[in-house]
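Just so we're on the same page: letters track the sequence lines, and every chain starts at 1.
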2 protein chains.
Amino acid sequence: MTVTAALSTEKLTETLKILYDPTRLLLMKLLTEKEYCVCELVDMFEVSQPAISQHLRKYKKASLVYEERRGQWRYYRFNKTCEQRALVEQILSQLDENDEQLVKLRSKAEAITC
Amino acid sequence: MTVTAALSTEKLTETLKILYDPTRLLLMKLLTEKEYCVCELVDMFEVSQPAISQHLRKYKKASLVYEERRGQWRYYRFNKTCEQRALVEQILSQLDENDEQLVKLRSKAEAITC
DNA sequence: GCCTTATATAATAAAATGCTTATATACTAG
DNA sequence: CTAGTATATAAGCATTTTATTATATAAGGC
């Protein structure tokens with residue numbers, strides 16, 4: 001059930017440019033699994049809130065995520081209808097589930113109450 | 001025949017960091033198809049010889065390519081035994097074969113005598 | 001309305017990137 | 001040995017990136 005390859009050099013490199021950053025790669029991994037609000041992500045990654053917001057803005061600019069406002073929170077999740085979907089999923093599927101950083105992140109994710 | 005995913009965050013992002021540059025992405029596409037010597041690549045891409053050499057060095061540092069000296073030339077080709085092979089091939093397979101930059105490059109490749 | 005919380009944006013400084021020019025190295029031909 | 005070609009490396013510079021701090025915006029509770 002492979003999708004036809006049809007990304008331009010520009011679109012492809014734009015996407016890789018987003019995912020080459022470790023924080024953004026792992027963050028995207030999480031966002032493909034479930035939605036998160038910004039404050040949850042800030043608690044999980046060791047960077048400031050503006051840094052997270054800026055990463056999220058990059059995803060959004062590339063149509064990789066949906067943003068949904070609910071009350072005073074904004075929830076983000078992977079946009080499964082984006083044209084880069086296959087690419088993103090293939091890249092993320094290459095990530096070792098036992099990778100130290102990923103494992104650590106997942107355990108933090110469980111502990112968070114926001 | 002999918003290969004087991006087992007790349008660390010570090011290895012994965014290192015590879016994406018190499019491929020996010022349009023020149024390096026297209027160059028890698030060519031190198032997965034056949035071997036090239038540096039002067040051929042210089043003629044195909046619109047950058048200086050040192051720029052090409054520097055791109056090639058990045059591949060080599062990440063074990064993505066083999067380098068073979070023959071006479072005064074150095075031939076480069078994709079290293080099919082590298083651990084990032086599946087990742088690289090999946091990424092490259094997402095590239096539209098009709099992409100303008102790729103098509104232009106291929107036509108130049110045919111014309112080159114080095 | 002006012003205060004608090006959640007989030008985005010702006011400004012800025014530090015680091016990384018990728019190109020160019022200049023130079024070094026290595027092989028070939030004579 | 002010398003000159004020419006192929007390639008790598010070094011140095012320098014302009015641009016981009018990313019994080020931080022400071023500030024703005026927007027919603028919720030009182």
Side-chain angles (χ1 to χ4, degrees), chain A residues 9-10 12-28 30-31 35-77 101 105 109 112-114, chain B residues 9-10 12-28 30-31 35-77 101 105 109 112-114:
Chain A
T9 295
E10 203 185 340
L12 185 42
T13 54
E14 176 199 63
T15 310
L16 299 181
K17 206 165 179 172
I18 288 174
L19 298 180
Y20 82 76
D21 177 83
T23 300
R24 281 197 300 267
L25 182 83
L26 291 166
L27 214 168
M28 181 57 80
L30 297 181
L31 294 178
E35 62 173 20
Y36 287 88
C37 70
V38 180
C39 55
E40 289 174 316
L41 299 171
V42 171
D43 285 346
M44 293 166 61
F45 291 88
E46 280 155 9
V47 287
S48 63
Q49 173 268 312
I52 294 289
S53 281
Q54 283 162 32
H55 287 317
L56 291 169
R57 185 164 50 175
K58 293 199 184 197
Y59 296 144
K60 216 168 61 179
K61 196 178 168 209
S63 302
L64 290 174
V65 298
Y66 275 129
E67 181 200 25
E68 194 182 322
R69 292 163 93 124
R70 289 210 296 275
Q72 47 190 330
W73 295 276
R74 296 200 191 184
Y75 290 87
Y76 287 87
R77 64 177 190 278
Q101 293 186 61
L105 207 55
I112 276 175
T113 39
C114 172
Chain B
T9 295
E10 203 184 340
L12 184 42
T13 54
E14 176 198 63
T15 310
L16 300 181
K17 204 163 179 173
I18 288 175
L19 297 180
Y20 82 76
D21 177 82
T23 299
R24 281 196 300 266
L25 182 84
L26 292 166
L27 214 169
M28 182 56 81
L30 297 181
L31 293 178
E35 63 173 18
Y36 287 88
C37 70
V38 180
C39 55
E40 289 174 316
L41 299 171
V42 171
D43 285 345
M44 293 167 62
F45 291 88
E46 280 155 8
V47 287
S48 64
Q49 173 268 312
I52 294 290
S53 281
Q54 282 161 31
H55 288 316
L56 291 169
R57 186 164 49 173
K58 292 200 184 197
Y59 296 144
K60 215 168 60 178
K61 197 178 167 208
S63 302
L64 290 174
V65 298
Y66 274 130
E67 181 200 25
E68 195 181 320
R69 293 163 93 123
R70 291 211 293 278
Q72 47 191 327
W73 296 275
R74 295 198 193 187
Y75 289 87
Y76 286 87
R77 65 177 190 278
Q101 293 186 60
L105 207 55
I112 276 176
T113 39
C114 174

If you look at every strand shown and take non-hydrogen atoms under 4.0 Å, does B/Lys60 touch a base, only sugar-phosphate, or nothing?
nothing
Of the options D/dT7, D/dA8, C/dT7, whose atoms approach the side-chain atoms of B/Cys39 most closely?
D/dT7
Can you tell which of D/dA8, C/dC19, C/dC27 lies closest to the side chain of B/Gln72?
C/dC27
Please pick, from C/dT20, D/dA8, C/dG18, the nucleotide with the shortest atom-to-atom distance to any side-chain atom of B/Gln54.
C/dT20
Let me confirm one number: the OG1-CG distance from A/Thr23 to A/Leu105, rounded to the nearest 0.5 Å.
9.0 Å
Where the side chain of A/Ala51 is defined as all heavy atoms beyond and including C-beta, which of D/dA6, C/dT7, D/dT20 is the nearest nucleotide?
D/dT20
Quick check against the 3.5 Å criterion: does B/Arg24 have a side-chain atom that pairs as donor or acceptor with the backbone of B/Ile18?
yes
Please name the residue in the list A/His55, A/Gln49, A/Arg57 that meets the side chain to side chain donor-acceptor pair (under 3.5 Å) test with A/Ser53.
A/Gln49
Nucleotide nearest A/Pro50 (side chain, heavy atoms from C-beta), chosen from D/dA19, D/dA22, C/dT21
D/dA22
Rounded to whole Å, how long is the line connecting atom CG of B/Leu19 with atom P of C/dT17?
14 Å
Does A/Glu68 pair with A/Arg70 as a salt bridge, N-O distance under 4.0 Å?
yes
When A/Gly71 and A/Gln49 are each assigned the nearest nucleotide of DNA chain D, the 5'-most assignment goes to A/Gln49
Could you please name the option among C/dA26, C/dA6, D/dA8 that lies closest to any side-chain atom of B/Arg69?
C/dA26
Can you measure B/Glu67 atom CD to C/dC27 atom P for me and round it to whole angstrom units?
12 Å
In whole Å, I'd like the distance from the CD1 atom of B/Ile52 to the C1' atom of C/dT20.
14 Å
Specify the separation, in whole Å, of atom CG of A/Asp21 and atom P of C/dA16.
13 Å
What's the closest nucleotide to the A/Lys58 side chain, out of C/dG18, D/dT18, D/dT21?
D/dT18
Which nucleotide, C/dG18, D/dT7, C/dT7, lies nearest any side-chain atom of B/Val38?
D/dT7
Can you tell me how far the CG atom of B/Leu25 sits from the CG atom of B/Leu16, to the nearest 0.5 Å?
11.0 Å
Are OP1 or OP2 of C/dT17 and a side-chain N or O of A/Tyr20 less than 4.0 angstrom apart?
no
In whole Å, what is the span from the CZ atom of B/Arg57 to the P atom of C/dT17?
13 Å
Determine the contact category for A/Arg70: base if any of its heavy atoms lies under 4.0 Å from a base atom, sugar-phosphate if only primed atoms, P, OP1 or OP2 are that close, otherwise nothing.
nothing
Choose from C/dT20, C/dG18, D/dT18 the nucleotide whose nearest atom is closest to any side-chain atom of B/Val47.
C/dT20
Report the nucleotide, chosen from D/dT20, C/dT9, C/dT5, that has the shortest atom-to-atom distance to any side-chain atom of A/Ser48.
D/dT20
Please determine, by modelled atom types, if A/Tyr75 and A/Glu35 share a side-chain donor-acceptor pair under 3.5 angstrom.
no
Between B/Glu46 (CD) and C/dG18 (C1'), how many Å, whole number?
16 Å
Quick check on DNA chain D: between A/Arg74 and A/His55, whose nearest nucleotide comes earlier from the 5' end?
A/His55
Given atom CG of A/Leu41 and atom P of C/dA8, what is their separation to the nearest angstrom?
10 Å
What does B/Tyr75 touch in the nucleic acid at a heavy-atom separation under 4.0 angstrom: a base, only the sugar-phosphate, or nothing?
nothing
Which whole-number value in Å describes the distance from A/Leu16 CG to D/dT17 P?
14 Å
